[in-house]
There are 2 protein chains.
Amino acid sequence: MRPSDLPDLRNLELFRDMEEARFEELMHAAYVQTFPPQVDLITEGDMSDFLHIVLEGRVELFASWNKRETVIATVEPISTFILAATIKDAPYLMSARTLEKSRLILLPSSDVRAVFDADSGFARSVVTELAARYRSVVKNTKNLKLRSSIERLANYLLQQYEEAGQAPTYDLTMEKRKIASLLGMTPENLSRAIKSLRPYGVTIDGQCVTIDKLGDLQGLAKPSPLIDDLNR
Amino acid sequence: MRPSDLPDLRNLELFRDMEEARFEELMHAAYVQTFPPQVDLITEGDMSDFLHIVLEGRVELFASWNKRETVIATVEPISTFILAATIKDAPYLMSARTLEKSRLILLPSSDVRAVFDADSGFARSVVTELAARYRSVVKNTKNLKLRSSIERLANYLLQQYEEAGQAPTYDLTMEKRKIASLLGMTPENLSRAIKSLRPYGVTIDGQCVTIDKLGDLQGLAKPSPLIDDLNR
DNA sequence: CCTTATAATTGATAATTGTCAACTGGATAG
DNA sequence: CTATCCAGTTGACAATTATCAATTATAAGG
């Protein structure tokens, strides 16, 4: 591990309130590895050996059943994934693969559980993190069950717009096929959904999104903090 | 609160590893109330004042958006709901209503958070509970995104079959309209889905489910512990 | 530069799912 | 017993979404 990573890690909400000694103990047991793009990191069903933290790059979480596959989320630096499996000492429910060249920290699950028991600051943080994750999955469920695919797309575009600092023009950060899978639709359907947003002032050329009539799009999307605000 | 409830509560996984003093402290602040059927207990968007525990009866968790409504889960005794909102001190993401006459314990959220900080056994339990809930919502997402409505129904029937002790005939525990909503479809669609399971040996007459050709149904449903086993 | 591979789009079509309206049947209240 | 209510079902139809095949972009490699 590069010493220069430590401050960033220490600043992660998960580790911030930890005793210094525990933090060093945990980091001492950590592996740091760099992976090329498109590498399978973990496979659904395997036991949880490590808590993973993305330092650089991008990781996709996906799940499969009966030859079908769906993107659940992408993880960007600096954050953890598969915390719940680590805590429960249970098999992974999702698989993960790198999307780009990525640098990860792997913390042995048993160490994480040991420190969890010994450090109440860390325990507090784990709970907060888990509660946040739980809430974001519940929001995703509401999104899937209460909205049509066009409504999901409209809200996705508005979310990206917010993340781009409300710029009237911004770039998609994911391939469209991944976006389609994330939103629970086929690439063809996404392509047509995009066209059907034209009357609402949405133009997408390649990666480049332009939103002309924000109000109209919001009128269709009806974003709600109880579904879309991925934090809080 | 009836003194007779205390042992059951103490035995809840959430409270089992707690110091006795903390447990009593928490219960001292608790309200116990009985509600008639069809009473709104909490409303999506409100702040989390209480952690709720169902002692008797049945509670439905549901969510709404844009005049649509969907059932997320039903809660049966003895278990808690909206733990995540309580921990995060955040607004509820779901609403709750009683389905039957129900007796609930309400623990003020601030007390729960206080005890959480003071009692590491309780903190451990909260994390375990949250991690379990998180995993079950992830499973639900996979169910929704990877399966058609008929496949979801087939797996639902197999789950109920397991819960009924693998009896070849058992009763549905919910109205069909609720089941439809839970599975993310309309009542009409559920009605037709049931008929389309006939060739797989499934007969449903009123509440009464009969599964004649278990193997055939399993062949269609392809149940997976990574989606269907609601615990683990 | 061209070649190749892969993503994205488009059209045609099918499957799935939802909507609306009508009807059935059981439960309940008077 | 009858009237009423409402969940459930059914039919007809519409909307949504998926599938398959073909084509057009786009990006990467030699």
Side-chain angles (χ1 to χ4, degrees), chain A residues 36-38 60 62 65-71 74 97 99-101 143-157 171-199 202-209 220-221, chain B residues 36-38 60 62 65-71 74 99-100 143-157 171-199 202-209 220-221:
Chain A
Q38 303 300 330
E60 173 179 273
F62 63 101
W65 177 80
N66 197 28
K67 324 242 167 187
R68 296 168 217 171
E69 185 177 307
T70 189
V71 175
T74 62
R97 69 165 74 98
L99 289 173
E100 324 164 351
K101 186 180 175 204
N143 194 34
L144 283 170
K145 290 184 77 177
L146 292 167
R147 289 174 174 161
S148 70
S149 62
I150 290 179
E151 290 165 339
R152 294 199 294 276
L153 172 61
N155 279 290
Y156 178 81
L157 293 175
D171 280 351
L172 294 171
T173 57
M174 247 190 282
E175 286 176 297
K176 284 180 185 163
R177 55 208 294 278
K178 303 283 189 190
I179 294 174
S181 178
L182 188 67
L183 297 179
M185 55 209 238
T186 58
E188 294 94 328
N189 192 12
L190 173 62
S191 201
R192 290 172 177 127
I194 288 172
K195 281 172 75 177
S196 74
L197 288 183
R198 194 113 199 199
V202 175
T203 323
I204 303 186
D205 180 27
Q207 303 283 95
C208 177
V209 179
L220 171 69
Chain B
Q38 303 300 330
E60 172 178 273
F62 62 101
W65 177 81
N66 196 28
K67 325 240 166 188
R68 295 168 216 173
E69 184 178 306
T70 189
V71 175
T74 62
L99 289 173
E100 323 164 352
N143 194 33
L144 283 171
K145 290 184 75 176
L146 291 168
R147 289 175 173 160
S148 70
S149 62
I150 291 179
E151 289 165 340
R152 294 198 294 276
L153 171 61
N155 280 290
Y156 177 81
L157 293 175
D171 280 351
L172 294 172
T173 57
M174 246 190 284
E175 287 176 298
K176 285 182 185 160
R177 52 207 298 276
K178 304 282 190 190
I179 295 175
S181 178
L182 188 67
L183 297 179
M185 53 202 207
T186 58
E188 295 93 329
N189 191 12
L190 174 62
S191 201
R192 288 170 179 128
I194 288 172
K195 282 174 74 175
S196 74
L197 287 182
R198 194 109 199 206
V202 175
T203 323
I204 303 186
D205 180 28
Q207 302 283 97
C208 175
V209 180
L220 171 69

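Here is how names work: the chains are called A, B, and so on, in the same order as the sequence lines, proteins then strands, and each is numbered from 1. Heavy-atom basis, side chains included; hydrogens, waters and symmetry copies ignored.
When each of B:Ile150, B:Asn155, B:Val202 is paired with B:Leu220, the side-chain contact (heavy atoms from CB on, under 4.5 Å) condition holds for B:Ile150 and for no other.
In this structure, CE of A:Met174 is placed 12 Å from P of C:dA8, rounded to the nearest angstrom. Following rounding to the nearest Å, A:Ile150 (CD1) and C:dG18 (C1') show an atom-to-atom distance of 15 Å. Atom CG of A:Asp205 is separated from atom C1' of C:dA8 by 12 Å (rounded to the nearest Å). C:dA27 atom P lies 10 Å from atom CD of B:Gln207, rounded to whole Å. Distance, B:Lys145 NZ to D:dT17 P: 14 Å, rounded to whole Å. Summarising the geometry, the separation between CG on A:Leu183 and P on D:dT17 is reported as 11 Å, rounded to the nearest angstrom. We find that CD of B:Gln38 is positioned 12 Å from P of D:dC6, with the value rounded to whole Å. To the nearest angstrom, C1' of D:dC13 lies 15 Å from CG of B:Asn189.
Among the nucleotides D:dT17, C:dG18, D:dA18, the one closest to the side chain of A:Met185 is D:dA18. Nearest to the side-chain atoms of B:Lys195 among the listed nucleotides C:dG18, D:dT19, D:dG11 stands D:dG11. Side-chain proximity of B:Lys176 to the nucleotides D:dG8, C:dT17, D:dT17 is greatest for D:dG8. Closest approach to the A:Arg177 side chain among D:dA7, C:dA21, C:dA7 is made by C:dA7 (side chain taken as heavy atoms from C-beta onward).
Taking both residues in full, the closest heavy atoms of B:Ser149 and B:Met185 are given as CB-SD, 3.2 Å, listed atom of the first, atom of the second, then distance.
Along DNA chain D, the nucleotide nearest to B:Glu175 and the one nearest to B:Arg192 differ in position, and the one closer to the 5' end is contacted by B:Glu175.
Between A:Glu69 and A:Arg177 there is no salt bridge, since none of the side-chain N atoms of the basic residue sits less than 4.0 Å from a carboxylate O of the acidic one. Under the 4.0 Å criterion applied to side-chain N and carboxylate O atoms, A:Arg68 and B:Glu151 are assigned as salt-bridge partners.
For B:Ser149 and C:dT17, the shortest distance from a side-chain N or O to OP1 or OP2 is below 4.0 Å.
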Given the rule in the side-chain contact (heavy atoms from CB on, under 4.5 Å) test, do B:Leu172 and B:Leu157 qualify, once you have shown the distances and angles that lead to the verdict?
-> CA-CA 9 Å; B:Leu172 294 172; B:Leu157 293 175; 4.2 Å; yes
